[in-house]
Amino acid sequence: MNAASSDQTAQSLRAAIRSRARSAVDVCEDALARIDALNPQLNAFNTVVADRAMARARAIDADPDSWRDAPLAGVPVAVKDNLCTAGVRTTASSRMLEHFVPPYDATAIARLESAGAIVVGKTNCDEFAMGSSNENSAFGPVHNPWALDRIPGGTSGGSAAAVASRITPIALGSDTGGSIRQPAALCGVVGLKPTYGRVSRYGLIAHASSLDQIGPLAATVADAALLLRTVAGPDAMDATSAAEPVGDYVGALTGDIRNVRVGVPRVLLEGVDADVARVVTAAFDVLAARGATLVDVDLPHARYATAVYYLVSTAEASSNLARYDGVRYGFRAAEAPGEGGRLDLRTMYARTRAQGFGAEVKRRIMLGTYVLSAGYYDAYYLKAQQVRTLILRDYDQAFARADVVAMPTSPTPAFAIGERVSDPLQMYLADVFTVSANLAGLPAISVPCGFSRGPNMAPSARGLPIGLQLTGRRFDEATLLRIADAYERDTEWSKQIPPIAIR
Ligand code: GLN
């Protein structure tokens, strides 16, 4: 394995391949060797596509001229296993789709590959992207590279773990209520949820269609910017993708944030973990020292966001998941011995869904069906949609005073595997800071901003990563990236690599 490669970014790897300092084959072999060495401990990958990846790497090496201007030619990438990949199993970490091989690529995957990126594998996630800890995968939990007994965050936990442990410099995830930002924070990497409509959802296995967005995870802000640039933009296959022009996100990283007003909703810091409050407050000071102006903002409806999110998202999920009926996709329950040929349609549906879905997915289908049912619709679903509008207005008002709103990404650092599995409400509270951006359709980024100490830790010991979240105006990803990059330049957090990573 290449000695220096754990510091390598997508941009530096591309430069090395372009100048022929390294071959795409060498870089790809390196990423595959890292998967072999680390995945037994991390469980970050559901599927590794070694042969396919090596064939693509050889093709790039054989024809460097055609790939000269391709921004990611030869760069290995990990993609969440709810993004359809033609000819490669796509499971959404569910038994329901355990053997599903899509006949087409998600638009984001097609764009990645036309930019020359090499998909090395499909990453583990919570089943149908439902969860906050990656413990809801049918294929077992992902382990946090910083502490293997801890959760990596959910639901793009495999993508976050792959980047944190420097298996690949970049990865794609999806975010319905925090699933890119929260695992990015808990694993110490950068994660960005784009504005609703910025990235085509075509080929993303749907969780909640008015909230879902695909976005980048990366070790550095610059790589996140490059990856977003690659996958963003309108798409005829997704009517909700926006025509809004895609920015020069890499060019936006000037380091200059002197004209930026950072809104801080101070009350939201009350009640968060002491390490999180300390580290995030220190991050505000770094931004101020770089010339940003801190202003107080108020988000009066933020306390309803988790409740609203779990009404809206379960309603949409119950509808989206109706398609898994044993007929059109994936798993179908077998007849029991002796039933030969006598399984009626209803029994087949019921058994298929009983056996194919895990407990959390069933809980959400039941919740969502309930809140949409006649008699409860007005009290729950409609009310939630009304409060959703109030949350959106809170942000519009905050953006009259500030360019971005800053807060923690997660109220706590990574918790222990198993700690919250028996208490779904406790699990849902992990999302208090992330769900609003999805409800309001706004872009939001998480950038590493320090480490926990924990009550019993020696001051010298390094704890668990903590993330700073910045939420911005619709389609203003450039400002989020510029601030996060300026912050990254003044701090060392993004350069920290977990001990498990191969140097
Ligand atoms: N934790 C949230 C949920 O369980 C968000 C998940 C996501 O963003 N996909 O729904």
Side-chain angles (χ1 to χ4, degrees), residues 79-83 92-94 123-137 141-142 151-160 171-187 191-194 196 199 201 204-217 305-321 357-368 371 384 388 409-412 414-415 420-421 423-446 467 469 471:
V79 299
K80 188 175 182 177
D81 204 14
N82 62 353
L83 292 162
S93 290
S94 180
T123 56
N124 197 349
C125 55
D126 286 287
E127 183 175 5
F128 288 105
M130 295 176 186
S132 308
S133 67
N134 223 121
E135 294 169 288
N136 295 333
S137 168
V142 176
I151 58 110
T155 63
S156 311
S159 287
L172 282 182
S174 68
D175 190 311
T176 307
S179 283
I180 291 174
R181 293 160 284 155
Q182 188 249 18
L186 303 192
C187 289
L192 171 70
K193 181 204 90 75
Y196 186 75
V199 179
R201 292 181 294 110
L204 167 66
I205 294 177
H207 168 181
S209 305
S210 79
L211 304 163
D212 295 340
Q213 265 294 287
I214 298 168
L217 294 106
T306 309
V308 170
Y309 171 81
Y310 278 96
L311 294 171
V312 172
S313 68
T314 56
E316 293 185 19
S318 71
S319 163
N320 274 326
L321 271 56
F357 290 135
E360 180 62 24
V361 174
K362 287 178 193 160
R363 176 157 37 235
R364 303 226 184 170
I365 292 172
M366 288 190 280
L367 263 172
V371 306
R388 181 179 187 174
T409 307
S410 162
T412 64
F415 44 90
R420 298 193 189 178
V421 277
D423 189 349
L425 286 182
Q426 202 47 37
M427 188 71 92
Y428 297 170
L429 288 177
D431 306 334
V432 276
F433 293 127
T434 49
V435 293
S436 293
N438 303 74
L439 290 168
L442 303 171
I445 193 168
S446 180
Q469 179 176 225
T471 305

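Computed from heavy atoms alone, side chains included, the values below leave out hydrogens, waters and symmetry copies. Counting starts at 1 for both ligands and their atoms, in listed order.
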Nearest protein heavy-atom contact for [atom]: which residue, which atom, what distance?
atom: atom 2 (C) of ligand 1; result: D431 OD2, 3.2 Å
atom: atom 5 (C) of ligand 1; result: Y309 OH, 3.2 Å
atom: atom 9 (N) of ligand 1; result: S179 OG, 2.6 Å

Handout entry: Any N or O of S174 closer than 3.5 Å to N or O of ligand 1
Key = no
Practice task
State whether the shortest distance between N or O atoms of G131 and N or O atoms of ligand 1 falls below 3.5 angstrom.
Solution key: yes
With heavy atoms of [X] as the reference, note each atom of ligand 1 found under 4.0 Å away.
X: Y310; answer: 1 (N), 2 (C), 3 (C), 4 (O), 10 (O)
X: G177; answer: 5 (C), 7 (C), 8 (O)
X: D175; answer: 8 (O)
X: A129; answer: 6 (C), 7 (C), 9 (N)

Exercise for the section: State, to 0.1 Å, how close Y428 and R364 come at their nearest heavy-atom pair, and which atoms those are. Expected result: CE2-NH2, 3.7 Å
Fill in the blank from the handout: Heavy-atom closest pair (M427 atom, F415 atom, distance to 0.1 Å) is SD-CZ, 3.9 Å
Fill in the blank from the handout: Checking heavy atoms under 4.0 Å, the part of Y428 that sits near ligand 1 is neither
Handout entry: Proximity to ligand 1 by part of T155, non-hydrogen separation under 4.0 Å
Key = side chain
Practice task
Decide whether the shortest distance between a heavy atom of S313 and an atom of ligand 1 is less than 4.0 Å.
Solution key: no
Problem - Spacing of CD belonging to Q469 relative to OG1 belonging to T434, to within rounding of 0.5 Å - result: 6.5 Å
Practice task
Could you tell me the separation between the OG atom of S159 and the CG atom of L217, rounded to the nearest 0.5 Å?
Solution key: 6.0 Å
Problem - Closest to atom 4 (O) of ligand 1 (judged by heavy-atom distance), picking from R364, Q182, H207 - result: R364
Handout entry: Test item: D431 side-chain N/O and G177 main-chain N/O as donor-acceptor pair under 3.5 Å
Key = no
Any luck finding a side-chain donor-acceptor pair between [X] and [Y] under 3.5 Å?
X: S93; Y: N124; answer: yes
X: D126; Y: S137; answer: no
X: T123; Y: K80; answer: no
X: N438; Y: R388; answer: no

